[in-house]
Amino acid sequence: MTRRELDAAGITDPGLRSAYSRCRQLNARHGRTYFLATRLLPLERRSAVHALYGFARWADDIVDDLDRRLTPDERDLLLKRLEGDLAHGLRGGGGAEPVVRAVADTAGRYGIEVDLFADFLASMRADLTVTDYPTYADLRAYMHGSAAVIGLQMLPVLGTVGPREEAAPHAAALGVAFQLTNFLRDVGEDLDRGRVYLPADLLAAHGVDRPLLEWSRRSGRRDPRIRAALVAAEALTRDVYRDAEPGIAMLDPRVRPCIRTAFTLYGGILDAIARHDYTVLHRRAVVSRGRRAATAAAGVLNVAGARWRAVPAARPATLERKGPARG
């Protein structure tokens, strides 16, 4: 399938094809939910989506360093090298890392704003030193770079049926909704890394603080105050999904099944959290394989319908190469 995707996208250079394939591998390994949804995209747009998510995954892995082999200073150095590599790639193409070569090529093909990458890397750098967020407003400022910009980077690739600026707020909200879902699912794992992404003001409203979370994680015991805070965090996240949903209808009809599938699957993680009675400090909530398969099957039917109805000439202008993005 990789070869067909690359051929459809018009990516012929062997080095670039290898770089894009590397991004696809990263997504297949690390992002099961979204990778499944991307299989519903038109062939010619999948490689660009893999490049954007592959680069984001690469930077995130530097910051998290799950094996804890690197010091914060060493991770900061790696992030600076990646930032410099990306700046070089965006100016003139190329890059030392395969993910950089692919994402720089994608940025040039689709005219993606350079500032979005700078905002993303700024949030990644914050993860090296910031371990909690006092208010939801503080968390939203972080998520602008870590999540909202991903949705904004995707818009030129996906294409819209109207002005892109009208769809942009909804695309940004969808990125935030996905990340809030991950934060809620991964409370325990993030705590093990010394981070609390649920805002302190939301926790405090229910009598919860970091020591209480750590006690629960360590002891395996539950506390009604923690449950109440997690219920509130779920409600907040669902509000963001409601803000994001109208944007799906603003996308190119051929990509809507993909985004609707991702929307449904990530929402299913919230359903699983509730079904397991908010025990995220002690177990990881996942969407069952059967539900993922059923949702994907529905997406396939929607793809078939969208292709049947599509006007043959309806391709976004962004599919024509625009040259390297410049800052």
Side-chain angles (χ1 to χ4, degrees), residues 15-16 18-35 47-91 93-107 112-133 139 141-154 175-176 178-183 185-197 325 327:
L16 266 182
S18 177
Y20 274 101
S21 295
R22 173 60 175 151
C23 293
R24 188 182 189 276
Q25 292 166 6
L26 284 170
N27 295 332
R29 186 165 68 246
H30 292 292
R32 290 183 302 171
T33 298
Y34 200 77
F35 182 77
S47 294
V49 172
H50 290 316
L52 291 170
Y53 274 82
F55 176 78
R57 171 55 61 184
W58 189 265
D60 193 57
D61 283 350
I62 289 174
V63 169
D64 280 345
D65 182 32
L66 300 183
D67 295 332
R68 299 186 177 181
R69 293 174 298 181
L70 303 177
T71 67
D73 286 344
E74 289 171 329
R75 283 179 280 157
D76 182 55
L77 178 60
L78 287 176
L79 202 58
K80 286 178 180 175
R81 287 177 179 169
L82 181 64
E83 193 169 16
D85 195 19
L86 178 65
H88 172 76
L90 291 174
R91 283 196 302 270
E97 294 289 350
V99 294
V100 170
R101 293 196 293 274
V103 83
D105 183 70
T106 289
I112 298 172
E113 295 178 22
V114 172
D115 288 348
L116 297 177
F117 294 100
D119 291 347
F120 169 75
L121 288 170
S123 285
M124 291 300 96
R125 179 160 284 107
D127 273 335
L128 296 176
T129 56
V130 179
T131 60
D132 54 46
Y133 292 87
L139 183 64
Y142 164 79
M143 288 191 297
H144 165 73
S146 64
V149 299
I150 304 297
L152 296 174
Q153 289 170 353
M154 287 278 288
V176 170
F178 288 169
Q179 185 162 67
L180 284 171
T181 301
N182 289 340
F183 287 162
R185 180 195 63 193
D186 299 339
V187 171
E189 295 173 20
D190 288 333
L191 199 60
D192 292 343
R193 299 180 191 126
R195 300 182 194 144
V196 178
Y197 286 107

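- Side-chain contact between F55 and T106 is absent, with no heavy atoms from C-beta onward closer than 4.5 Å.
- In this structure, CG in L86 is found 6.0 Å from CG in L121, a value given to the nearest 0.5 Å.
- Side-chain contact check for L90 versus F117: some heavy-atom pair is nearer than 4.5 Å.
- Taking all atoms of both residues into account, the shortest heavy-atom contact from Y20 to A102 is OH-O, 3.3 Å.
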Stepwise, does the side-chain contact (heavy atoms from CB on, under 4.5 Å) test hold for M154 with Y53? CA-CA 10 Å; M154 287 278 288; Y53 274 82; 3.8 Å; yes
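- Once rounded to the nearest 0.5 Å, the distance linking NE2 of H50 with CG of L52 reads 11.0 Å.
- Closest non-hydrogen pair, Q179 versus S146, comes out as OE1-OG, 2.6 Å.
- Taking 4.0 Å as the cut-off between side-chain N and carboxylate O, K80 and D76 count as a salt-bridged pair.
- Residues R81 and E97 are not paired through a salt bridge, judged by the lack of any N-O separation under 4.0 Å between the basic side chain and the carboxylate.
- Taking CG from D190 and CZ from R185, the interatomic distance works out to 9.0 Å, rounded to the nearest 0.5 Å.
- Of all heavy-atom pairs spanning A56 and I150, the tightest one is CB-CD1, 4.2 Å.
- Atoms CG and CG, on L26 and D61 in that order, are 7.5 Å from each other to the nearest 0.5 Å.
- Note: Y197 and Y133 have parallel aromatic rings, judged against thresholds of 30 and 60 degrees for the angle between ring planes.
- From D105, atom CG reaches atom CG of L16 across 4.5 Å, with rounding to the nearest 0.5 Å.
- Only one option out of R57, R195, R75 pairs with D64 in a salt bridge (charged side-chain N to carboxylate O under 4.0 Å, His left out); it is R195.
- Rounding to the nearest 0.5 angstrom, the gap separating the CZ atom in F183 from the CE atom in M143 is 6.5 Å.
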